[in-house]
Asker: 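Quick one: the structure is below, and I'll ask about it shortly.
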Amino acid sequence: ITFNPNTGFVGVDSFSYTVADTNSNTSNVATVSLDVGVEISSNPGADKSVTYADASGATATITFTHGTADIFFTGAGAASTPKPGQVFVTGANRQLASINLSNTTAASALTINSLPRTDVITLGNISDTSSLGRIIAPTANLTGTVTVGGILVLQLLSATGAQLQIGGGIPTGFSLLAGAVNGSSINSSVPIRSLKVTSWSTGGAITAPSIGALIVSGNFGPALNLTAASGLNLASARITGSVSGAWTLAASAGAITAGSVAANAPIDATGNINSFSVHAGGLPASLTAAAIGSLNITGDLTGDLTLASAKTIKVAGNIKGATLTFTPAAGVNALNQLLVSEAIETATLTASGNVQNITAASLTDSTIDVGASGITLATASSSNLGSSKLGSIQLRTASGNAFSNSSILADSIGSASLGAINTVNSGTPEGLAAVSYKSISASVHGVLFHAGAAQLTDASALSTYLTSKGISSAAFGDFQIEIE
């Protein structure tokens, strides 16, 4: 069957037919639908551009270099060539349905421009079984699927419900530049060198081996799955708005900054994270990594941390209800410095290596276990406190109790400055347990004391010193200093 559309026809057409055999038996009616498009090509003598009126009212022009593009539209209309090489397509409510590319190379470039630039044109599907260099559509909203064997650069105004399927034809990867992205996903076999968008909301997912630079001036909502098993999965990420999707990194990350992080957005890195900063709202989500250089949180830390080690953790707020777990390699400090501007409250810090310094306003309903493997004050002894050291802890609140219903356990505690101690704990032991101490400073019922190493050799020496300060064992109440 041969179908010849009317000269200049562009769009979807159909025809119906029946088949009769030699006995005059006639088949049912069959209907065939066809999509008649326009072809532009870099071949000599071929048409080079297509201009049409988009449903938005904008006049759009499509050009393609180094290859062939078959272009299909919604609706029906007519094509004419008033000037050699330039195709004009007429018809109302027209949109780009699909563009099929062929004979492409890394030098190929598909460009879609429109006037006025304030009008947004709609872009459907783009396909290329091979690779091309660039797709540049700065006024287009992508609503379909881009499936290419490889690409260097993709530029869009926006994307809504779009899918990007990027093959491995260009191993060095590609860059994406867009405005607002909504409910869209990327599945790439190659690295994303740069991903820069105004925002990425309403879910979606990004799967790729790695991202070089992630820059988002608004919110960032997709799930992020970076699969390369070595090196930097995420070299850098700068997100001004909120992160609300789960991140899974099979290797390491460089510097990450976020305006805020949602509670349902855990970050899980198999490797290290050089630095991570949250500028508002605290960190309510869990964070897992092999090691982290610096973690800076503005607001409360309420999500759990599971790390091999950390150099510096700064919390401009409270630690509330969080579990902090550190399991360093042999010879590596579990934690160099934890700085909390307000309280550590209903929290647990467990480290299987040394912790150099902890500073907070207060410690309430919490446990700090440095190498003690989950033992309690009641069961602590020199045989089960391990071999890890807590260099110092300072509790700095100037009002109320700084230490209440908490336990600090380690093989060795250096300097412990505990502030005012709440000694009434309903009969439940609270306090410190260690084999050795350098100094302990605290206030009991308004009486200050500072015990040095000489007063902390054993329980008898400590009792003698406290008596000299006018502090009786009864005054300590439920508070204990265990010298094992």
Asker: Taking all heavy atoms of A372 and all of L409, pick out the closest pair and write down the distance.
Answerer: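 Closest heavy-atom pair between A372 and L409: CB-CB, 3.9 Å.
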Asker: Throw together a table of side-chain donor-acceptor distances under 3.5 angstrom for residues 179-189, partners on residues two or more places apart or in other chains.
Answerer:
| from | atom 1 | to | atom 2 | distance (Å) |
| --- | --- | --- | --- | --- |
| N182 | OD1 | T202 | OG1 | 2.6 |
| S184 | OG | G161 | N | 3.3 |
| S184 | OG | A162 | N | 2.9 |
| S184 | OG | N182 | O | 3.1 |
| S185 | OG | A205 | N | 3.0 |
| S188 | OG | V190 | N | 3.1 |
| S188 | OG | V190 | O | 2.7 |

Asker: Please list, chain by chain and in numerical order, all residues satisfying side chain to side chain contact (heavy atoms under 4.5 Å, CB included) with T26, sequence neighbours excluded.
Answerer: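 Applying side chain to side chain contact (heavy atoms under 4.5 Å, CB included) to T26 gives T18, A20.
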Asker: For A402, does its backbone N or O pair with a side-chain atom of T397 as donor and acceptor, under 3.5 Å?
Answerer: no
Asker: With sequence neighbours left out, what residues match T248 under side chain to side chain donor-acceptor pair (under 3.5 Å)?
Answerer: none
Asker: I'd like to know if the side chain of Q394 pairs up with that of S417 as donor and acceptor (distance under 3.5 Å, no hydrogens or angles considered).
Answerer: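 S417 and Q394 do not have a side-chain donor-acceptor pair below 3.5 Å.
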Asker: Donor-acceptor pairs under 3.5 Å, side chain of residues 45-62 to any protein atom, not counting sequence neighbours: which ones?
Answerer:
| from | atom 1 | to | atom 2 | distance (Å) |
| --- | --- | --- | --- | --- |
| K48 | NZ | S41 | O | 3.1 |
| K48 | NZ | S42 | O | 3.3 |
| K48 | NZ | N43 | O | 2.6 |
| T51 | OG1 | T61 | OG1 | 3.1 |
| D54 | OD2 | S56 | N | 2.9 |
| D54 | OD2 | S56 | OG | 2.9 |
| S56 | OG | A58 | N | 3.3 |
| S56 | OG | V120 | O | 3.3 |

Asker: Which residues pass the side chain to side chain donor-acceptor pair (under 3.5 Å) test with N100, sequence neighbours left out?
Answerer: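 Per chain and number, N100 pairs via side chain to side chain donor-acceptor pair (under 3.5 Å) with S127.
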Asker: Considering only distance and modelled atom types, tabulate donor-acceptor pairs under 3.5 Å from the side chains of residues 250-266, sequence neighbours left out.
Answerer:
| from | atom 1 | to | atom 2 | distance (Å) |
| --- | --- | --- | --- | --- |
| S252 | OG | N272 | N | 2.9 |
| S260 | OG | S242 | OG | 3.3 |

Asker: Between OG of S194 and CD1 of I215, what distance do you get to the nearest 0.5 Å?
Answerer: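 Separation between the atoms: 5.5 Å.
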Asker: Identify, with sequence neighbours excluded, every residue that meets salt bridge (charged side-chain N to carboxylate O under 4.0 Å, His left out) alongside K389.
Answerer: D411
Asker: Holding to side chain to side chain donor-acceptor pair (under 3.5 Å), I want the full list of residues that pass it with T240, two or more places apart in sequence or in another chain.
Answerer: none
Asker: Using residues 360-368 as the side-chain source, report each donor-acceptor pair under 3.5 Å to any protein atom, sequence neighbours left out, with the distance given to one decimal.
Answerer:
| from | atom 1 | to | atom 2 | distance (Å) |
| --- | --- | --- | --- | --- |
| D365 | OD1 | N405 | ND2 | 2.7 |
| S366 | OG | T346 | N | 3.1 |
| S366 | OG | A347 | N | 3.0 |
| S366 | OG | A347 | O | 3.4 |
| S366 | OG | T364 | O | 2.8 |

Asker: Return a table of donor-acceptor pairs under 3.5 angstrom between the side chains of residues 291-305 and protein atoms on other chains or two or more places apart.
Answerer:
| from | atom 1 | to | atom 2 | distance (Å) |
| --- | --- | --- | --- | --- |
| D300 | OD1 | N318 | N | 2.8 |
| D300 | OD1 | N318 | ND2 | 3.1 |
| D304 | OD1 | T323 | N | 2.9 |

Asker: Can you run down the ring pair (Phe, Tyr, Trp, His ring centres under 6.0 Å) pairs that involve residues 103-152, sequence neighbours left out, and say none if there aren't any?
Answerer: none
Asker: For a quick test of your reading: what N or O donor-acceptor pairs under 3.5 Å do the side chains of residues 133-147 make, sequence neighbours left out?
Answerer:
| from | atom 1 | to | atom 2 | distance (Å) |
| --- | --- | --- | --- | --- |
| T139 | OG1 | S114 | OG | 2.6 |
| N141 | OD1 | S158 | OG | 2.9 |
| N141 | OD1 | A159 | N | 3.3 |
| N141 | OD1 | T160 | N | 3.4 |
| N141 | OD1 | T160 | OG1 | 3.2 |
| N141 | ND2 | T160 | OG1 | 3.4 |
| T143 | OG1 | L123 | O | 3.3 |

